[in-house]
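See below for the structure under consideration.
Since the model is a prediction, treat every value here as computed from it, not as a measurement.
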Amino acid sequence: MSAAIRDARLDLVLRRLASQAWDGESIASIARASGFRDGGVFSRAFRRRYGLSARAFRHLSRTG
């Protein structure tokens, strides 16, 4: 996967994690819906890009 595609997919996941419209979806299903086939690859890429896990980001986006 090219860096540009990966970054676009990570941005999409980030927006979806922050959106109340996606609250009922698991992080894994959001990652899959955004184009990530492998959960481990997604998890490492997200942490590397944003400095925290997707779960931590989702929690922070809800609590401010």
Side-chain angles (χ1 to χ4, degrees):
M1 175 183 328
S2 80
I5 292 170
R6 182 194 62 239
D7 289 348
R9 289 177 178 173
L10 286 169
D11 289 342
L12 181 57
V13 171
L14 190 78
R15 288 192 306 275
R16 288 176 172 176
L17 288 174
S19 170
Q20 290 182 356
W22 288 82
D23 274 354
E25 296 294 326
S26 70
I27 292 170
S29 72
I30 291 172
R32 280 191 303 276
S34 303
F36 287 94
R37 293 182 178 178
D38 183 295
V41 169
F42 160 72
S43 181
R44 288 186 298 276
F46 192 95
R47 186 178 295 275
R48 191 169 41 249
R49 177 133 190 235
Y50 299 112
L52 69 166
S53 69
R55 181 183 299 221
F57 172 80
R58 184 179 238 184
H59 176 75
L60 288 172
S61 73
R62 299 294 180 257
T63 60

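To the nearest 0.5 Å, atoms CZ (R55) and OG (S43) are separated by 10.0 Å. Distance check: R15 CZ to S34 OG gives 8.5 Å after rounding to the nearest 0.5 Å. Going from atom OG of S53 over to atom CD1 of I27 covers 7.0 Å, rounded to the nearest 0.5 Å. For the atom pair D7 CG and R9 CZ, the distance stands at 11.0 Å (nearest 0.5 Å).
F42 has its side chain out of reach of R37: every pair of non-hydrogen atoms, C-beta onward, lies at least 4.5 Å apart. Between I30 and L12, every side-chain heavy-atom pair lies at or beyond the 4.5 Å cut-off. Y50 has its side chain within reach of L14: a pair of non-hydrogen atoms, C-beta onward, lies under 4.5 Å apart. Inter-residue side-chain proximity for F46 and L17 is flagged as met; some heavy-atom pair is nearer than 4.5 Å.
Put simply, the side chain of R62 gets close to the backbone of A18: a donor and an acceptor are under 3.5 Å apart.
Using a 4.0 Å cut-off between charged side-chain N and carboxylate O, D11 and R16 make no salt bridge.
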